[in-house]
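What's counted below: heavy atoms across the whole structure, side chains too, no hydrogens, waters or symmetry copies.
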Amino acid sequence: MNTPIYDFVRAYAQSGISRLHMPGHKGAPLLGCEGLDITEIAGADALYECEGIIAQSEANATALFGTGRTLYTTEGSSHVIRSMVTLAWQHRKPGREHILAVRNVHRSFLYACALVGCAVDWLYPQSGSDNSICSCQVDPEAVEAALAGGNPPFALYLTSPDYLGHTADIAGIARVCKKYDVPLLVDNAHGAYLHFLDKPAHPMDLGAWLCADSAHKTLPVLTGGAYLHMSHDAAQAWGQEAKGALVMTGSTSPSYLTLQSLDLCNRYLSEDFSGKLGACCARLDALKAHLTAQGMAFVGDEGLKLTLDAAGFGYSGEELGQILRQNAMEPEFTDSDYLVCMFAPNGSWEEDMDRLEETLLALLPRPSRPRQVLQLRPLERRMSIRRAVFARHEWVRLDRAAGRICGQPTVSCPPAVPIAISGEVITEDILPLFAAYGQREIAVVAREEENCCE
């Protein structure tokens, strides 16, 4: 597969031309990559008005993923999420002024809703879901119950896979959304590889209308590389405004280093990536099976993620994280109950799995310990998301936060799932959640703004 962006920049870097343009490093090395870092010069195309090499590369990605249209960003899936909500809002049907969302959203979704000014109706975890703010498992029946009551939303938004590795029944939920004429938007940040499994399981394969992929999370792409995927119907209906939504919510200075990595990734995906991916997933499945036989338990079903139930094994996730670091491993995420490790079929993944297996098997099992109650739940709404986000804020200690209105969605990243939604009243019983994720202060709406009109 051709790599038009990379080929152009490589030729330019070797040309010896005088760089009388941005950026200011002029190609001279500090990090060593400056020679390949350019701006929108003649022939380099422009990301949001592309007709040349970027358009060719995006067409390659569209063909690889089998979508109606796939577009690039160098600002991560957070940028794509803002753009998806903007597009759906622009194309909302008359009378549809709110969006329905599954509660374990990334905080960028809240900022998107604040920017367009829409209200949100929330779907909360079903019984039996894992005890974590990261996970909010809902099935097609729950979605249908929410949509069948009238007052339809302008879109349904959900996260799949979630941070613990749970994947939703996208196909079933997509059928329900189609029945009620509601576009399905999916934050698939952790699942860019899913189309290339033996049985494709990407949200775009299963009926999503729009989808956000963080290419850099599971593919060999520089940090910030991401995709906005559109279904064939979405590309026909909304495609003309897609680039406008991206430029409205992003920077006009995209990284050409990241664009080159997205471009080169196309060739990587076209050269037996599926075979490499299958081998990596199979080895990880075997590792989980072996560790399960030794008394450990895992949650989630995502193929490239290992999420160990640390509490069930008598440890905290933080303890296990420290043990891994002492053995030259850095996990993706830990909290009081879980340890999350992510793999990809490149680099030293086989040796990494062997090291992880050896380290975990050397642990002495302990009696399981009680879990913290870390689930998300509804709180009283006192102010709209938009009003709360754009109000003046003040930071208060946890012990003084009860009764105040949440301003910024305060939570660490990862997992970046807001514990309280902007505009909701913080209650005493959720303060341990903030503490569990390392928050000692909370951004709340300033007192003098609490009673202001919307």
Side-chain angles (χ1 to χ4, degrees), residues 1-65 67 69-80 82-83 192-193 212-230 235 239-273 344 346-347:
M1 177 167 284
N2 66 354
T3 52
I5 302 174
Y6 175 77
D7 293 344
F8 174 88
V9 177
R10 176 69 60 168
Y12 185 76
Q14 296 171 350
S15 68
I17 196 169
S18 296
R19 298 189 180 211
L20 309 181
H21 58 76
M22 301 181 286
H25 56 64
K26 303 300 182 183
L30 288 173
L31 289 171
C33 60
E34 288 82 358
L36 298 175
D37 183 34
I38 64 168
T39 188
E40 293 92 341
I41 59 175
D45 212 358
L47 180 57
Y48 302 120
E49 302 84 27
C50 58
E51 297 177 339
I53 58 174
I54 296 176
Q56 294 170 34
S57 186
E58 288 182 335
N60 288 343
T62 298
L64 282 165
F65 282 92
T67 62
R69 193 177 184 192
T70 291
L71 303 178
Y72 293 159
T73 176
T74 65
E75 298 175 64
S77 55
S78 295
H79 181 204
V80 181
R82 295 192 298 270
S83 302
Y193 68 93
D213 283 5
S214 283
H216 68 90
K217 285 185 168 63
T218 55
L219 301 179
V221 170
L222 293 181
T223 296
Y227 306 113
L228 168 58
H229 298 297
M230 310 182 75
Q240 193 169 4
E241 290 87 6
K243 286 283 187 177
L246 284 164
V247 74
M248 186 188 307
T249 57
S251 171
T252 55
S253 298
S255 165
Y256 268 80
L257 292 172
T258 304
L259 286 174
Q260 289 170 75
S261 72
L262 285 163
D263 190 40
L264 286 170
C265 185
N266 288 336
R267 185 167 66 194
Y268 174 82
L269 294 175
S270 70
E271 294 177 349
D272 193 36
F273 173 66
N346 51 283

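- Side-chain atoms of Tyr48 do not come within 3.5 Å of backbone N or O of Gly250 as any donor-acceptor pair.
- Note on ring orientation: taking the six-membered ring where Trp is involved, the planes of Tyr12 and His21 are tilted (angle from 30° to 60°).
- Counting only distance, with no hydrogens or angles, the side chain of Ser214 and the backbone of Lys217 share no donor-acceptor pair below 3.5 Å.
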*List the steps and the verdict of side chain to side chain contact (heavy atoms under 4.5 Å, CB included) for Leu64 and Ser270.*
CA-CA 7 Å; Leu64 282 165; Ser270 70; 4.0 Å; yes
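- Heavy-atom minimum distance, Ser83 versus Ala245: OG-O, 3.4 Å.
- Arg69 places a side-chain N or O within 3.5 Å of a backbone atom of Gly239 that can act as its donor or acceptor partner.
- With hydrogens and angles ignored, the 3.5 Å screen pairs a side-chain donor or acceptor of Gln260 with a backbone N or O of Leu36.
- Checking side-chain atoms of Asn60 against main-chain N and O of Asn266 turns up no donor-acceptor pair under 3.5 Å.
- Between Phe8 and Ile41 the shortest side-chain heavy-atom distance falls below 4.5 Å.
- Residues Pro220 and Cys265 form a side-chain contact, since some pair of their non-hydrogen atoms from C-beta on lies under 4.5 Å apart.
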TODO: Could you give me the CA-CA distance, side-chain angles and deciding distance for Tyr268 and Thr3, then say whether side chain to side chain contact (heavy atoms under 4.5 Å, CB included) is met?
DONE: CA-CA 10 Å; Tyr268 174 82; Thr3 52; over 6 Å; no
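- Summarising the local packing, CD of Gln14 is surrounded by more than 12 heavy atoms from other residues, nucleotides or ligands at distances under 6.0 Å.
- His79 places no side-chain N or O within 3.5 Å of a backbone atom of Thr74 that could act as its donor or acceptor partner.
- Under the 3.5 Å distance criterion, the side-chain polar atoms of Ser261 are matched with a main-chain donor or acceptor of Leu222.
- Closest of all the heavy-atom pairs between Asp213 and His229 is OD2-NE2, 2.8 Å.
- Looking at Tyr72 and Ile5, their side chains come closer than 4.5 Å, going by heavy atoms from C-beta outward.
- Between Gly35 and Ala13, the shortest heavy-atom distance links the atoms O-CB, 3.2 Å.
- Note that the OG1 atom of Thr252 and the CD atom of Glu40 stand 7.5 Å from one another [nearest 0.5 Å].
- Of the residues Leu262, Thr67, Thr73, Thr62, the one that meets the side chain to side chain contact (heavy atoms under 4.5 Å, CB included) test with Tyr227 is Leu262.
- A heavy-atom distance below 4.5 Å is not found between the side chains of Thr70 and Glu58.
- Between Gln56 and Cys50, every side-chain heavy-atom pair lies at or beyond the 4.5 Å cut-off.
- Side-chain contact between Asp263 and Pro4 is present, with heavy atoms from C-beta onward closer than 4.5 Å.
- A pairwise comparison of heavy atoms in Asp45 and Gly52 identifies OD2-N, 2.7 Å as the closest pair.
- The CZ atom of Arg82 lies 10.0 Å from the CG atom of Leu246; values are rounded to the nearest 0.5 Å.
- The residues Arg19 and Glu34 are annotated as not salt-bridged, no charged nitrogen and carboxylate oxygen being separated by less than 4.0 angstrom.
- Annotation: side chain of Asp37 is in contact with side chain of His25 (closest heavy-atom distance under 4.5 Å).
- To the nearest 0.5 angstrom, Leu20 atom CG is 5.5 Å from Ser18 atom OG.
- Closest approach of Ala212 to Val80, counting heavy atoms only: CB-CG1, 3.4 Å.
- In this structure the side chain of Lys243 reaches within 4.5 angstrom of the side chain of Leu47, judged on heavy atoms.
- Within the model, atoms CG of Asp7 and CD1 of Ile53 stand 9.0 Å from one another, a figure rounded to the nearest 0.5 Å.
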